[in-house]
Every structure is written in structure tokens, then in C-alpha cells.
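Step one of this worksheet: look at the structure below.
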Amino acid sequence: MEDISDQYAPEEVEASAEAHWDEHDAYGATKAAHADDPPFFFVDGPPYTSGQMHLGTAWNKTLKDAVIRYKRMRGHRVTDRPGYDMHGLPIEVKVERELGFDSKRDIEELGVEAFIEECKAFAERNRETMDDDFRSMGVWMDWENPYKTLSPEYMEATWWAFKRVHENGLVKRGKRAINQCPRCETAIADNEVEYHEIESPSIYVKFPLVDREGSLVIWTTTPWTIPANAFVAVDGEMTYRAVRAETDGRSELLYLAEPVVEEVLKKGRYEDYEVVDEVSGDEMVGWEYEHPLADEVPDHVDFEGALQVYTADYVEADRTGLVHSAPGHGQEDFERGRELGLEIFSPVAGNGEFTDEAGKYAGTFVRDANDEIIADLDAKGLLLSSGRHTHRYGQCWRCDTDIVFLATDQWFITVTDIKDELLENIEHSEWYPQWARDNRFRNFVEDAPDWNVSRQRYWGIPLPIWVPEDAGEDLSADDIVVVGTREELAERVDQDVDPEALDLHRPSVDDLTITEGGTTYRRVPDVFDVWIDSSVASWGTLDYPSETADYEELWPADLIIEAHDQTRGWFWSQLGMGTAAVGDVPYRQVLMHGFANDKDGRKMSKSVGNIVTPHEAIERAGRDPLRAYLLSHDQQGADLAFEWDGLADTQATLNILWNVFRFPLPYMRLDGYDPAEADLDDGELSVVDEWVLSRLQSVKAEMTRHWDEYEVHAALNALFDFVTGDVSRFYVKAIRERMWEEEDSASKRGAYAALSTVLLETVRLLAPFTPFLAEEMYQHLDGGETTVHMLSWPEVDPDLHDPDLEANMAVLRNVEEAAANARQQGGRKLRWPVQRIVVETDDDAVAEAVRSLEGLLLDRVNARSLEVVEAFDELVEYAEPQMGVIGPKFGGDAQKVMRAVRGKTREELEGDLADAESARPAVEVDGDVYELEADMVEYRAEPPENVAGADFEGGTVYVDTALTEEIEAEGYARDIVRRVQEMRKQLDLDVEEHIRTRLDVADERVRGFVDRHREFIAEETRTAEFAEGDEFDLDGDGVDSPFDLVERWDVEGVDVTIGIERLGAEEQTA
RNA sequence: GGGCCAAUAGCUCAGUCAGGUUGAGCGCUCGGCUGAUAACCGGGAGGUCCGCGGUUCAAAUCCGCGUUGGCCCA
């Protein structure tokens, strides 16, 4: 057995364990060990390959790793294929930056194929870095074979699923109001829009009414949407006022919501006004108005029903209460416009420039046209007021460009058509924590809109949709062709393609055409929203549909594990895709963990500068400590507030475990005891051994219970409590002496066996959490198998489980703690024995517990005898005068009486002076006897001299600290043993090395005490002989001294000089 | 603006579901023990249970309204 370092050094442990794993292919051995077990299909939620592992992803992968290791130990063949999400706009944007590109035109100039290659290379580079990061955390997944969303097999899974969705009639093309990033020239999803503060124009505009006098007044911050105005919205129930407003001698009739009249007229700097009429919103419906930019935008809407007043529920009584509505430029306007059957007019291109339909403004970027539009309105006398307004506005999550709202043709999965089924399928999975499913997730699914799956970009999975060449605006689902596999593609396209060799990315599929039934179909140029990619992970992990065997055995996933942001992300996309494609949710259990925030619970961010990287944490504390720290906090929905001190504490806890582990090894080695061969039937088990073995059974049961509810942190903390609270604090302390015994003994072998059992099972219980440390300890203790991680999870042994003993020991520990407290009060340190302790309790269970463990208790508290009583009758009652009663009775003498009473015992007060019959207390002051009433004195019971008491749950412990010669003798002897041990330590002597010792005690009486215990001292300190007569050389030059070390000590005020001398090899056996 | 979650000792968190004297670990401090020794044990100090209101004999716990933080959505 190699040497164990004195201190837990995570870096060394991790390097050593890792070397062992590499050398023996421990991962392979572990998988082989469970190859025939029942399957457990875990699916890894693929992290995006944007860069490095951060604390959150480190936590995520650590939790996954712990669960996978646990499931293996419980006897499962676990699917552990990691995944990477490698497509999408973030990578495109980064590659564009690397190449110095500004727009899509640059990409087209470079060539799509070359751009795709750049993106692929970028994603692969990032993946490799992340591979290394995850591996470095000790995550055992199949890193040789990750699933990658950019592989043809994986991409095919999305095609396959999408074809199922189409077959279910849930694929549609339609105009939708979308968020367009004018730089990226693509639609982006609502959840990809980030909000920030911007300053915009704020204008009030008059829309002149047709066929009646006056104008509607609207307010907007986006003048550029006025060319697309189609209607004005009112609140049907709101009151509107027609006011005649005067300024510069002119008067106008304006319509405004009743509560905002004053405010708006002030903005328009009107001098005076008069209310001439009141109408409800409902009454205004159908009023027609002129388009305010009719001349500038000749193609403005003029179809039936346009440019009229309608009601809408998005109208509020602020600004003007009349809302300019352009269905081509806003979500709500769009929805309402659709309801009203209005055509959608959106004269803006994907790059944010006005099209020819915008007339005068054609070719101008929309926000650049704002000033011109405002000027035009002003020139026409339609501008009531113009100012600036600060508000929140959306921008593209990748390039920070402000978005524009457009209505464009997009492809959708119409999940709103299957809402009931989605909600029902939610019930087909168990969530940990459950509230996340029943509240959060359900709410989201209830409100989920149709899923826009098309993006007008390059780096993604091409939509497998082919549409007729001459297709017009109205395209039905029956008209399109959706291809499900590479094989099918090769069969149906007009060109010759090899399905095996096809990359599937753009542009390889862009020019493929299908001709069927006399119609030629062309692929739509879009790629999938990247959420489609990961939504098929349950199939992609199994290479379905190109491979079918695993799919048939395993699907759906038994478990997925992600943070709570994925409620609206991956948890949802899988439910949506699963339900739309095959009618079921692709996972059975969800473990949802939290986010890693900073110590104040705030989000870690570059701008705040509070980011802690896993690399930094590993460097400062180690991999296992970081893992244990992350896993020791609530793993179900709660965020983590990362704290360096907490990480250090976790490391300290592991250090205690390390100490417990290394403490017995030198003794076992001396005795040639192999912990791997530990046999509880060899040797004698004492009550503490039985106890610790029973506790071990309880801990196993508790941990298993927690694990099975995915209360991972509770399982880990139960183990930590056992190791620190039970094993280190109590058990090790209790068996230390047995280890130190020189001779072989049944008792020592019993302790070895019990401790070995505890350690070996603890190591297994620990393995899922801190795999390096567990491995290192296992290899030292046993090493019978290639790795600790291929072993099975320890099971409860009912024969070793004794709950009564555990309960009794809990009582004993309470008593011991109270006794230590009492000793401290009594000023008697533990090294000095006490005559007796008295346990006072009225609880039979407590009395029984204490009696049954008497020997152990006496040993632990270093007492000679134990008494267990219902009431301790040696308490002395001390008087406490009650001035409220004494004062009025004795008047001027009251102070004197009080002083005389205070501190007297009941015996003294009720003794000679008192009336014998009534036993009324009395005191004598200055020769006068004062008789007292009973209520003038209360008593407080205290232990007698030399006895100190302390309460515990269930009673009180009294410690009798009275000294006897015998006790003093033992106390001094033990004090001296302690000093010699200290000196042995200073000389760095081996445990078994013998010494010659000289004791020079300055006090004659104490010398006598010490001499009584020479034999005891010799045995405890491995002193082969005591030296007599030698002169100590206390000058410090050491020349004349035969001793290796001489020291003067103060032992309880007595000068003691001790010399010890290392004996030569030939004398060692003496 | 909306949904969900959280807030308890200096720090990390139990306790909240099912109302009944607020607990643990770490840290601080004083002491003890010690051939696990850079470890270990005991005592002590330390609380507006985020705030306000309600229900109740009784609220950290149940209800309502807020504040702050997190995630998601607008």
C-alpha cells in the first residue's frame, strides 16, 4: 500500500485517479460490467457550441454524471451519449465577425458552401474545447461518440420528424407578424428578442375623418409604420370626446379619449377648447378616415374595410385612446387585422428597407425614414405634436440590432391545433420538482402560439419542403412535398445524388428539384429554427431513423436533466415535436435544476464582472470539491448562490473524510490487515462497532430513498452528516485506543472490520458525487475491481440494522455533550477522571439507554461510576429574597433582612432559628430574629460543591469533580503521556518505534503520583525503559545529552522535564 | 405588464405540503481534546423568520397586497 498524503490534496487525488482510469480503461470496464443490465435511456440536452463550459453547464453535466453513475450502480445499462447543438444564428454571427462581414450580401459573395464550411469548422473547434472541459469535470459519457446536430444522421432525424408532422396536417405556410433582425435578415423567435432602453420619436398625428368634420388623434413611436396604416383601434366601452380646440385663431375638431383630453391638447399647445360631443368607442366603429400619407404612399391600403375605426382589446386609456394599427408591422395589430379579415400590407423588405410599395420612401431604411415622415405629416398640417420618448425595445440577441416588425411568409407547425393533446401529454411525464410541470410548464403550453420553424439563413438544417415552381400566395399543405429521409430524397429528386455522401446542408440541397405529376417542385430556401434541431434529440441520440434497433428498444427517454430556462426551451420543444410528430412526449422523467448565480443571488454577467469560471474553482479547490459543492445544494428548481467560502467548506468536509480514511491505514499495515478482506465475524464487535454499522444501514436506506426522488443533494448531505457527525466525531474517537493496542486482539480486529466495512461502503456511496476521490480511496482500501464505479450500490443489511441501539446511542451522545458542558463549568478537563456522574431523568427510555450503554458512557466522559436517578437529591436550595413581599412587611429593616436571606440555604433558613412547628424560615440580623412568611423566599436548586450540572434533552447530567489521590495520580500520568506523545510526534517517530524516557518531576508529591503509573506511561508511549540519573542538558547545546529531545513542561502548575531517546534497531524488539 | 420560484443567524440552507417554544453546518469567540494534529470536540454570542394586512386560541408555515432577486414570457 502506497503512502497516503497527510492532507487531502484534490489535485493529486484527481491526477492519480485519472491516470488509473486511463491506464485501465475504467470507463470501458464500467460499461462492460453493466452491458447486460436492463436499459436506462438518458438523453443529454445538447449544450450550444458557442464556446466554453461555464459554471451552469458544469453543474448540469456534473448532475447528469452523478445520476448516470448512480443508475449504473443500481444495475442499469445507461445510455450516456453526450450531444452538441451546433447550428444556428449565434455561430453564423460569430463567423461573420471573424470574416468581417456586415450583411447577407457578403455571405453570398463568399459563397454559401464556403460559409457553411467556416461555420462547421468553428462549431467543431468549440465542441472539442467543451469536450475537454466536460471530461475534466470527471464526467463519464461517451465522448468518443457524441451526437452532433450537424451530422447527416442527426439532420435526417429532423426531416423524419417533420415529415410526420406534415402527415399529421400540422405544417402550414402563412403570413405572420414576426420579429425581423434587419442585419441578419431573418425572422427571430420571440424568445430570441432582448429588450433594452432606446429613445424614439413620439408623435401625435391627426387622421382626418371622411364624411364628417374633425380628426382622430393617434400616438406612435414608430412613424415608419404609418405608411402601412390600415385601421384605427378604439376601446368599445371607452368614452371619447369631440373637442373644438383653438390655436392661433384657428379651430379644429379633435376626437380623443375622455381621460386624456387635457394632456393631449397641452402637447398640441392649444389655447382653449370646448367639448362639443361625447361618443362611445362602439359608436365610432365604421367611421372612415383618410390615410395621412395617401399622396406619399400611393399603394397604401384602400381595400374594402380599410381605413376605418374598429374596436380592439389592446387599446388603453393613455396617450390618445386611439391606436394607429398596421397589421403588417405588429403582433397585436396583425392578429386583430386577421380577425377583421383585412389584407396585410407590409411594404418593408427583410433588410429593413422600404420597398417600392412604400412610394416616396422606397429604398430608405425604415428608421432612417422617420424624420422625413414626420416632416411630411407636419407639412400637411397633420402633426399635432412631436417629441422624444424613452422606452424598452427589442433587439436581436446575437448582433444587438434593433428589430423591425414585419408580416412575412413563414412556415409553421400549428401546435395550436393540438393544444388539448399537448396538455394531456404533459401528464405522461413526471417532473422533479412537480410544481414546475403543473404550474410553469402547463401555463406556458396553454399559451403557446404556433411554432415558426423557418429562418432565412444558412447555418442550419434545410427545410425539407419542396413547393411547386409556380405556387402563388395561397398554398395548401396538400400542394407541397416534404421529404423524410436521405434515401427518399435520392429517390424523388430529378438529379443524381448519393444518399450516403450527401451532406444535407445548404447549398447541397438547394438546387435539387422534384418533378411529379407534371409539376416541378423547388426547395424553399429557409433553414429550420435551431430549436427544431434539439427537439428531436430523443431520436437523434439513437441515430433514428437510419438505425432502428435501439429506437425500438429504448424510446422514449427515461430521463432528461436541464435547468429551468429549458421549460420554454428544450422541455417544450420536445413535447411540441413529440406530440406533433408521433402523439407522445419523448421523455418520462424531467429533473429540472437551477441557475448558478453569484454570491448575492445575482446573475453572473460579463458587464457586472461577477463571473466565476469552473476553471477558477477547480484551480482553487479541485474537481471533486466543486462537484460536491454544486451537488450539495438543492437540485430541484432552486438557484445556487455561488460562494467561495462554501466551496472551501465542502473541501474541508472532504478533508475530514480523507482523515477518517487514512487514520486506520498505518495500524492495519503494521498488523498486516487487509481492509479488502474485512470480515465482521473475525474479531469481536463492541457496541460502538455495532452502532456504526447500524448507522451505515440507516444512511444507505436514507440515501437510496433520496436518490429515488432525485433529491440528490439530500443524499449527499446525509452521507456527509454520517461521515463527519457519526464516524469522525464519535466512532473514530471511540476506537482510537483499540487501534493503538500493540498486541493482536479480537477487539482490534473487530474495530478494523467495522471501520473497513464503513469505509468501503462509504466510498461506494460517494462514488457518484466525487468520482476521483472515491476511486483513489477504493484503490487504496481494496482495488479488487478495475474501478469503484463498476461496483453496485450498497444494500441495507437488516442483520446489522438496530434502530433501538441507534436511539440509545443518540441519548448517550446528548448525555456526553451535557457532561462535557458540566465539566467545563466544574473546571475539570476531560483528561482527568471524575468520581461519578449522575444522570437525572424521568424518562424511562433515557434511563434505559444510559444504563444499557454504561460502560461506553463512563469511558467517553472519563468517569468512574454512573448513577441514574429520577431526582437528584443532593441539590442544595439557595434562598432568593422576594423584596416585593419583604419590603412592605419590614420597612426600614427590609434591606438588612434581604441581605441576611440572600445566599442562605433552605436548611440554614429553616434550621435552628425557625419555628419548629410551622417550619417558617427565619434569619438573625444584629442579634434580632426575624421570622419570615413562606412567600418571602423562593429557592433555586444548585448542585453541591464539586458537582456541576448541565441539561440535555430528557434530563440533567451532574458531574462530581471532587479529587482523590487516585484521580490526581491518573490525571498527572495522562498529562505526561500526552506530553511524551507530543514529543514523539516532534521527532517524527514511527508509530511502532520504542524509546527510552526520562521524567523529572519538580514536585515530590506529584512525582509519587507519576511513579505509581510508570507502567501505564511506558505502555502508552512505547517506552522500553526509563532512564535514571542522567543529567539533562538544558543549556541547549545538546553535547552532553544522550536524549534526542528534551523539553520542560508546565503540567497543572508543576514543572516537568521530559527527555526521550530513540532506541537503536537492535533494541527495538526489547 | 404577466406566469412561476425564492427571501429564516454574518454565510449556506433545513423547517412551510399537514399551523403549536425557529434549527443545523460554516464563520466568530472562549475553552477542551489529540499518534487523524494545517485534523477533531464542547460552551457562548448571534434572529423584525423580507414588509404590511387578514384568517386563527395560536402563523416562519394558510390567505391577500407589496418589496427585492432569479427564470420565462410580453
Side-chain angles (χ1 to χ4, degrees), chain A residues 4 6-8 190-191 193 195 314 316 331-332 392 394 433-444 446-449 563-569 571-572 592 594-603 629 632-634 636-650 652-653 655-667 713-714 717 720-721 724-725 727-730 732-733 736-737 739-740 813 816-825 827-832 860 862 950 974 977-978 980-986 988-993 1020-1022:
Chain A
I4 311 294
D6 282 356
Q7 241 192 311
Y8 168 48
D190 286 344
N191 60 9
V193 176
Y195 289 83
Y314 51 79
E316 287 174 31
Q331 190 81 42
E332 291 175 316
R392 284 164 66 73
Q434 204 191 328
W435 56 257
R437 184 191 80 176
D438 294 342
N439 302 336
R440 215 173 218 255
F441 194 49
R442 174 167 289 277
N443 287 343
F444 176 73
E446 278 169 355
D447 295 340
H564 48 46
D565 58 331
Q566 297 302 327
T567 312
R568 268 78 166 162
F571 300 154
W572 155 247
M592 186 189 91
F595 262 45
N597 294 326
D598 77 1
K599 63 182 167 50
D600 301 317
R602 277 164 214 278
K603 186 199 189 83
Y629 174 70
S632 67
H633 290 78
D634 192 347
Q636 297 195 9
D639 289 343
L640 169 79
F642 182 89
E643 220 210 352
W644 285 109
D645 286 349
L647 181 58
D649 289 346
T650 304
T653 301
N655 189 34
I656 294 173
L657 172 66
W658 183 261
N659 278 320
V660 168
F661 148 72
R662 75 185 180 87
F663 142 76
L665 298 180
Y667 307 109
H713 70 294
N717 290 327
F720 278 167
D721 288 349
T724 58
V727 183
S728 173
R729 276 177 209 167
F730 196 84
V732 166
K733 207 170 162 186
R736 211 154 27 189
E737 278 186 33
M739 298 272 159
W740 183 234
R813 294 178 69 175
E816 180 187 344
E817 192 176 311
N821 186 351
R823 263 181 177 274
Q824 192 167 332
Q825 288 176 41
R828 185 71 69 232
K829 61 189 178 187
L830 186 59
R831 207 179 292 133
W832 286 49
R860 307 264 317 173
N862 196 15
R974 288 174 67 151
V977 166
R978 164 76 202 107
V980 175
Q981 303 286 36
E982 175 68 33
M983 291 169 70
R984 285 183 62 106
K985 184 86 190 162
Q986 280 178 40
D988 204 22
L989 297 185
D990 281 344
V991 167
E992 69 274 26
E993 224 170 327
E1020 290 291 310
T1021 61
R1022 300 214 167 155

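Naming: A, B, ... by sequence-line order, numbering from 1 per chain.
OP1 and OP2 of B/C73 both lie 4.0 Å or more from every side-chain N or O belonging to A/N443.
Rounded to whole angstrom, the span from the CG atom of A/D634 across to the P atom of B/C5 amounts to 14 Å. Protein atom CG of A/N439 is 16 Å distant from nucleotide atom P of B/C17, rounded to whole Å. One interatomic measurement links the two molecules: CG of A/L830 to C1' of B/G42, which rounds to 10 Å at whole-angstrom precision. Straight-line distance from the CD atom of A/E332 to the C1' atom of B/G2: 13 Å, rounded to whole Å. Going from atom CD of A/E643 over to atom C1' of B/G10 covers 10 Å, rounded to whole Å. Rounded to an integer number of Å, the gap from CZ of A/R978 to P of B/A36 is 10 Å.
When the ring pair (Phe, Tyr, Trp, His ring centres under 6.0 Å) test is applied to A/H633, the partners found at least two apart in sequence or on another chain are A/Y629. By the side-chain contact (heavy atoms from CB on, under 4.5 Å) test, A/D721 pairs with no residue at all, sequence neighbours left out. By the side-chain contact (heavy atoms from CB on, under 4.5 Å) test, A/T1021 pairs with A/V977, A/V980, A/Q981, A/I1017, A/T1023, sequence neighbours left out. Here A/A714 pairs with A/H706, A/E711 under the side-chain contact (heavy atoms from CB on, under 4.5 Å) rule; sequence neighbours left out. A/Y667 pairs by the side-chain contact (heavy atoms from CB on, under 4.5 Å) definition with A/F663, A/M739, A/W740, A/Y752, A/V991, not counting sequence neighbours. Legend: residues meeting salt bridge (charged side-chain N to carboxylate O under 4.0 Å, His left out) with A/R736, ordered by chain and number and at least two apart, are absent. Not counting sequence neighbours, the partners of A/R813 by the side-chain hydrogen bond (donor to acceptor under 3.5 Å, both in side chains) test are A/D726.
Comparing B/C33, B/A39, B/C13 by their nearest atom to the side chain of A/H633 picks out B/C13. Of the listed nucleotides (B/A36, B/G3, B/U12), B/G3 has the atom at the smallest distance from the side chain of A/R568.
For A/S728 against B/A36, a side-chain-to-base donor-acceptor contact under 3.5 Å is present.
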Anything under 3.5 Å between a protein N or O and an N or O of nucleotides 22-29 of chain B, put it in a table, one pair a line.
{"residue": "B/C26", "atom": "O2'", "partner": "A/D649", "partner atom": "OD1", "Å": "2.8"}
{"residue": "B/C26", "atom": "O2'", "partner": "A/D649", "partner atom": "OD2", "Å": "2.7"}

Go along nucleotides 62-71 of chain B 5' to 3' and tag each nucleotide: B for a protein heavy atom under 4.0 Å from its base, S when only backbone or sugar atoms are that close, - otherwise. -------SBB
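No donor-acceptor distance shorter than 3.5 angstrom exists from the side chain of A/R860 to the backbone of A/K733, with no hydrogens or angles considered.
Projected onto RNA chain B by closest heavy-atom contact, A/G646 and A/V727 fall at different nucleotides, the more 5' of which corresponds to A/G646.
The aromatic rings of A/F595 and A/H564 lie parallel to each other, their planes meeting at an angle below 30°, with 60° marking the opposite boundary.
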